[in-house]
Amino acid sequence: AQSVAQPEDQVNVAEGNPLTVKCTYSVSGNPYLFWYVQYPNRGLQFLLKYITGDNLVKGSYGFEAEFNKSQTSFHLKKPSALVSDSALYFCAVRPFSGGYNKLIFGAGTRLAVHP
Amino acid sequence: ETGVTQTPRHLVMGMTNKKSLKCEQHLGHNAMYWYKQSAKKPLELMFVYNFKEQTENNSVPSRFSPECPNSSHLFLHLHTLQPEDSALYLCASSQDPTGVSTEAFFGQGTRLTVV
């Protein structure tokens, strides 16, 4: 079965420290991977994606993610966290089948950045 | 914002009521989606429409009835819902249903409470 796992319900980090939000996936074929962020009472906002090429992908708000094929992971990272980064983060994978495609999401990880 | 607008933002309905959720996108996209977001669970894909045609129904109960009159509008008609249907319902769109590299854009969601 094709799936996405986010092993941590919550990640706590102090402002200014680096942060990592973990994601692993299971999909047949080449994975197309995405990160989204959800602020309170808002929809999901696209952060970044990996399609092909360089394993390190840079996205919005200073976030980046590293694709690791051998570990089937796509962890989200930021060198220096801000309090305003506190939100719910979703990893997603897009399998391709039947001529169209859909996003499969993980359960989400709540990031709390403390001053 | 993302260009995907959902109305209403909040809805409280009784189990015998009939109501509809509306989604509109101004991005020129050809694919539209309904997702259900419940606490501590992965986003659940409900329906996919490509070029106004339904291409996926993810085993959704018949008390949820989608309608896509054109590529810009998507509705979710609700009737005889159950309390466990209370959730945040998210609409999304993407440019090309066959383009695996294209990200989805989400609306802010409708918070539905069934009493």
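Here is how names work: the chains are called A, B, and so on, in the same order as the sequence lines, proteins then strands, and each is numbered from 1.
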Joint cluster assignment, B:M15 & B:V60, ILVMFWY side-chain distance < 4.5 Å: yes
Cluster check A:L33, A:Y61: I/L/V/M/F/W/Y, side chain < 4.5 angstrom: yes
Side-chain heavy atoms of B:E103 within contact of A:L47, under 4.5 Å: no
Spacing of OH belonging to A:Y36 relative to CZ belonging to B:F105, to within rounding of 0.5 Å: 7.5 Å
A:L103 and B:Y35, any side-chain heavy atoms less than 4.5 Å apart: yes
Nearest-0.5 Å distance that lies between atom CD in A:Q38 and atom CG in B:L90: 6.5 Å
Chain B contact via A:Y50 - which portion, at a heavy-atom distance below 4.5 Å: neither
Check: B:Q37 and A:L88 side chains under 4.5 Å, non-hydrogen atoms: yes
Verify same cluster id: A:V13, A:L82 (apolar side-chain graph, 4.5 Å): no
Interface residues of residues 105-115 of chain A facing chain B - heavy atom cut-off under 4.5 Å: A:F105, A:G106, A:A107
Which atom of B:L43 lies closest to which atom of A:F90, heavy atoms considered: CD1-CE2, 3.4 Å
Hydrophobic cluster membership, B:Y33 vs B:F75, 4.5 Å side-chain cutoff: no
Hphob cluster co-occupancy, B:Y89 + B:V12, side-chain heavy atoms under 4.5 angstrom: no
Chain A contact via B:R9 - which portion, at a heavy-atom distance below 4.5 Å: side chain
